[in-house]
Amino acid sequence: MAETVSKRVAAPVFELKGRMATLTVVRLLTTDVSAFAGQLAEKIGEAPRLLRGAPMLLDLEALSSADIDLGAITAVMRDLGAVPVAVRGGGVDAERAAEAGLGLLTADNEAPRREEAPACGATARVVESPVRSGQQIYARGSDLVVLGAVSPGAEVLADGHIHVYGALRGRALAGVQGEPRARIFCTALEAELVSVAGRYQVSDRIDEALRGQPAQVRLDGETLYIEPVCSYRTEYSLNG
Amino acid sequence: MSKIVVVTSGKGGVGKTTTAAAIAAGLAREGQRTVVVDFDVGLRNLDLVLGCERRVVYDFVNVIQGDARLHQALIKDKRVDGLAILPASQTRDKDALTDEGVAQILDALREEFDYVICDSPAGIERGAHLASYHADEAIVVANPEVSSVRDSDRVLGLLASRTRRAELNEEPVKEHLLLSRYDPVRVEKGEMLSVDDVQEILAVDLLGVIPESQAVLNASNAGMPVILDEDSDAGQAYADVVTRFLGGERPHRFLAVERKGIFGRMFGG
Ligand SMILES: Nc1ncnc2c1ncn2[C@@H]1O[C@H](COP(=O)(O)OP(=O)(O)OP(=O)(O)O)[C@@H](O)[C@H]1O
Ligand SMILES: [Mg+2]
């Protein structure tokens, strides 16, 4: 019977893993395909190692008209060796995206807020107000220090470390450009999700004993460690 | 110096309209010229809570569309001197409010009133945005439950980023928290968040706590802002709120479970 057959062959042949990856965003400013082709060829010519084979997100939000030939744009990109993987904005729906062989990203809540306290030097961005549900703060190229709490439904990101002196109840993603040495430090760990360089852990999987406690999150090899701040690399680990 | 104050929440049904009516009446009673504006176009009910639903001729949308002048649409309260209401339209939807129209009307109201209280619709969409956009101060109403507190948190974030003050980089909107429908018995049983829990999460100034009270329903059925029911717990709690809002000091009340005497135990259950 089908059921037993499918059971016998049920040894997994793949695993699904959630990873946060960085994508090169191609923000289109025109619907003119040939103009785009010309300039893209030039850009890729300037930095072939960086751009050839690079996964790219096609961002249509800056376009005033939704009237764009997605198929032609992606064909141009592929011809030039780029790898368009997803599209967002421009009123494109999942169906149109799929026709062009792309995934669809929704743009909800993506725009980082800008009106926080300015970064103090290049080393860290300091946020003095609480980070509230629905807000997203990204410290590009630096560490992020949050003096208040990060609410459930809020998201803080940094290319470097993240320090949270209030309770960390939302999501915190350190090293979002791939820096594996980035860490997250907080005085009370109640996070929905923590991530370093794309490795993440959700709240469900965080040890109850650490809930509400001062903690740090760091990456060692491929393993994400969530541990008390004070430890001298004791054996305390959650999933290692 | 006239002020625009939005009463907002994110989550629906938490007590915004009840609060807007009570505070507006309380401010007027203190001698402040006050107008309360219903931004809940399509679901107007501020006029019901204030008992003037039978005197509505023109509304907010009529004024915006130029079908009536502001003065024709304003309704003077019969009980409290110095209190006026600008009703919402029941027949239109929120798209009938334009950015410029709202700005013009609020500017005109500022000229004549000390306080312009904006009763926001629920949600964070256009209607709520318009109600909050021009605010100088905000009273964020929350109930002591997780979803309401979460929504209030979201709204506080929007007040800090999407208002006129935020966009012009002016001094931020002054935020107040009003915790409503507070039931100390259920808090004690752990069925509701406590005042401390909520303050811990939201980290804003606590303007007041309004108890869950039958008086609110009675008052709204009678078409009267509950603050005028001076014997009721909710009425007194709102009176404290108004005093604090005007800079006075009042201890918070109605936070603890009332221990019942022998009568209470015999009859109250
Ligand atoms: N302190 C209170 N005790 C008991 N009932 C209350 C209290 N405050 C409000 N209510 C009741 O809760 C209901 C909703 O109140 P209200 O209309 O003021 O909320 P709202 O936030 O304006 O709702 P909406 O989001 O639909 O505009 C009403 O029936 C009201 O009588
Ligand atoms: Mg209402």
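Every chain is numbered from 1, with letters handed out A, B, ... down the list of sequences. For clarity, every value in this text was computed on a predicted model and none was experimentally measured.
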Positions in residues 115-145 of chain B that reach chain A, provided some heavy atom is under 4.5 Å away: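 Listed by number: none.
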Counting a contact as any heavy-atom pair under 4.5 Å apart, which residues of residues 182-208 of chain B contact chain A?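 So the qualifying residues are B:E200, B:I201, B:L202, B:A203, B:V204.
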Do the rings of B:F39 and B:F60 sit parallel, tilted or perpendicular, given the 30° and 60° boundaries?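 Perpendicular.
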One pair to check against side-chain hydrogen bond (donor to acceptor under 3.5 Å, both in side chains): B:Y238 and B:T18. What are the steps and the verdict? CA-CA 10 Å; B:Y238 274 119; B:T18 303; 5.5 Å; no
Looking at [Y] and [X], is any side-chain nitrogen of the basic one under 4.0 Å from a carboxylate oxygen of the acidic one?
X	Y	answer
B:E167	B:R162	no
B:K3	B:D114	no
A:E192	A:R169	no

Can you tell me if B:Q90 uses its side chain to pair, donor with acceptor, with the backbone of B:R44 under 3.5 Å?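 Yes, the answer is positive, given that a donor and an acceptor are paired below the 3.5 Å cut-off.
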Hey, does the side chain of B:D153 reach the backbone of A:S133 with a donor-acceptor pair shorter than 3.5 angstrom?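 Pair found, side chain donor or acceptor close to backbone of A:S133.
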I need the A:T30 OG1 to A:I73 CD1 distance, nearest 0.5 Å.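 A:T30 atom OG1 to A:I73 atom CD1 measures 8.0 Å (nearest 0.5 Å).
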Check the pair A:L224, A:V217 against side chain to side chain contact (heavy atoms under 4.5 Å, CB included), reporting the backbone distance first and the verdict last. CA-CA 7 Å; A:L224 194 68; A:V217 182; 3.8 Å; yes
